[in-house]
Amino acid sequence: MSITHESAAITRFAPSPTGSLHLGNARTAFFSYLWARKTGGRFILRIEDTDAERSQLRFRDELMAELRWLGMDWDEGPDVGGPSGPYLQAERGDFYRTQFARLESGGQAYPCYCTAEDLELSRKLQRMAGKPPRYAGTCRNLSSAQRAEREARGLRPTLRFRVPEDEVIEFVDAVHGPQRYVSGDIGDFIVRREDGTSAFFFCNAVDDSLMGVTQVLRGDDHLTNTPRQLLILDALSMRRPAYGHVGLLVGADGAPLSKRHGSTSAQEFRERGFLSVAVLNQLFRLGHASDVDGWLPLAEMPAHFRPEHLGRAPARFDEAQLLHWQKETLERMSNSEVAAWLKANDAPEFIDLVRHNVVLPADAVAWRAVVNGELAPLGEAEQRVVEAAGAGFFAAAVEAYDQAGADLKTLAKTLKERTGRKGPEVFMPLRVALTGQSHGPELAQLLKLMTPQTARRRLESHAKNS
RNA sequence: GCUCCCUUCGUCUAGAGGCCUAGGACACGGCCCUCUCAAGGCCGGUACAUGGGUUCGAAUCCCAUAGGGAGCGCCA
């Protein structure tokens, strides 16, 4: 069996609006998006809001806003419509009811009157006995009289899928290759909750099929769920999409990405000032090997996306690499784009000067203070530079500054003549005194941007008691 | 407990039996450039989880072991 990656793929991203857009989900969404764009297919956004308790409108809006911020657009979705709507599962109840009825009339599903407490207890018992916690089959073969009796007692049933015995379920996973499961390992599972809404296994599989999705791409955590979904689709004689399960995104410690790893949502990275293209360049290479190593604009990513090179092993998210893509992105931006990104109304000369020393907006804040604010206390290394130069050096520097003004070349020249020092021995103490740091943008330009009073005061402060 | 998945430099990855004394990117270290940092150029170190097979030959195939992860939910 060979997997074809080239035909027009209909892919989807189907998040549940119960939280912010996690980096891992953003990556799966992105891969799905790229697959559709690469093959000239379609990308669908479907919101899985069947859990009324946890689903929130706010999260749905946030999810879409973050996706858009990242640069992804979808051909079908709750806000743009499409031929297979509605795209909110909460509004698809009629579709599910139709399919539930088909399952029930075919005997492929049955009402189950066990309560959540019954089931919990049963699972616990099985676990203690060292057995896999599977549905015991209590309601599997209830007679109509028995059902009527339970209904009369006011019990509201769930609908349970009757897993066929001794069936082999096979499929070719787009990233893992051939998979084989036996139905005996799967217990009957709930497809319709007591309140009539659809459970995940069901609506997720049915909608993918109904919406014409040809390629489902999702996290590895769904791999062993796939046979269940295939069973549903087969029972309903619905078309199976192809499935692909990518390795999860994990933190530096190898554990699934979570809050304790710091920022994990797209929103957090956006708020810290990361550029969306930088984030995309990083996601593009996590669990995916492209044919290019360098930075790519979003428009060129689909052509360099290789579905056959999606990774099975979990990928660690390393912020150092994201920082690299951030720099690469910044280097490609014009001064006015950088200025717009910084959102601070900086003078063009300032932007031009410090842009190569700024990776995040927070860095610009520090340089602004250097130009016209208060310097932070000197670090150890800086302290040593000042001490090595000596108070006399700075006294001479003040004098030279009074004559030369903000022209660093003349200032340095004068100082060289008066102190007999040269090169770094002249520039380094000046830099440290003037900026408080041993590194940074061109000193000559920095000096020009400062007010004379500031520059003079900073030099003078080291001329005395150092 | 059962089933399934995963394991190449610190990190992301290339690698589909000989092209691998394992390649690239990021990070790191050194040198050059330079007032410094960044950028750029050059150089460098570090990896096939372990143990058995199969084979003339294994990172690549098979089997065990170890370690990680997922699923077995009226959560998705």
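The chains referred to below are lettered A, B, ... by the order of the sequence lines, with proteins before strands, and numbering in each begins at 1.
Between A/H288 and B/C12, a side-chain N or O to OP1/OP2 separation shorter than 4.0 Å is absent. The side chain of A/R316 contributes no N or O atom lying less than 4.0 Å from OP1 or OP2 of B/U13.
Figure legend. B/A66 is base-paired to B/U7; pairs are counted as Watson-Crick or G-U wobble with both atom distances under 3.5 Å.
Between A/F171 and A/H245, the angle of the ring planes goes over 60°, which puts this pair in the perpendicular group of the 30/60° scheme. Below 30°, between 30° and 60°, or above 60°: for A/Y96 and A/F100 the angle between ring planes is between 30° and 60°, a tilted geometry. Under the 30°/60° scheme for interplanar angles, the aromatic rings of A/F305 and A/F31 are found to lie parallel. Classified by interplanar angle (parallel below 30°, tilted 30° to 60°, perpendicular above 60°), the ring pair A/F394/A/H462 is tilted.
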For every nucleotide of nucleotides 59-72 of chain B, 5' to 3': is a protein heavy atom under 4.0 Å from its base (B), only from its sugar-phosphate (S), or from neither (-)?
-----------SSB
Can you check each nucleotide of nucleotides 23-43 of chain B against protein heavy atoms at under 4.0 Å and return B for base, S for sugar-phosphate only, - for none, in 5' to 3' order?
-SSB--------BBBS-----
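Comparing B/C4, B/C6, B/U13 against the side chain of A/H176 picks out B/C6 as the nearest.
A/E48 comes within 4.0 angstrom of sugar-phosphate atoms only, judged by non-hydrogen atoms across all strands, and of no base. Across all strands shown, A/T50 has heavy atoms under 4.0 Å from sugar-phosphate atoms exclusively, and none from any base. When heavy atoms are screened at a 4.0 angstrom cut-off, A/S16 is found touching the sugar-phosphate backbone but no base atom. In this structure, A/C203 reaches neither bases nor backbone, as no heavy-atom distance under 4.0 Å exists between it and the strands shown.
No hydrogens or angles considered: a donor-acceptor pair under 3.5 Å links the side chains of A/D207 and A/Q89. Between A/T28 and A/N25, the side chains place no donor N or O within less than 3.5 Å of an acceptor N or O (distance only, hydrogens not considered).
If you measure from atom CG of A/D291 to atom P of B/C12, you get 20 Å, rounded to the nearest angstrom.
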Can I get a per-line list of side-chain donor-acceptor pairs under 3.5 Å for residues 436-448 of chain A, giving both atom names and the distance, sequence neighbours left out?
unit_1	atom_1	unit_2	atom_2	d
A/S438	OG	A/E382	OE2	3.0

Begin with the C-alpha distance, continue with both residues' side-chain angles, and end with the deciding distance and a verdict on side-chain contact (heavy atoms from CB on, under 4.5 Å) for A/F200 and A/H222.
CA-CA 11 Å; A/F200 165 78; A/H222 287 294; 3.5 Å; yes
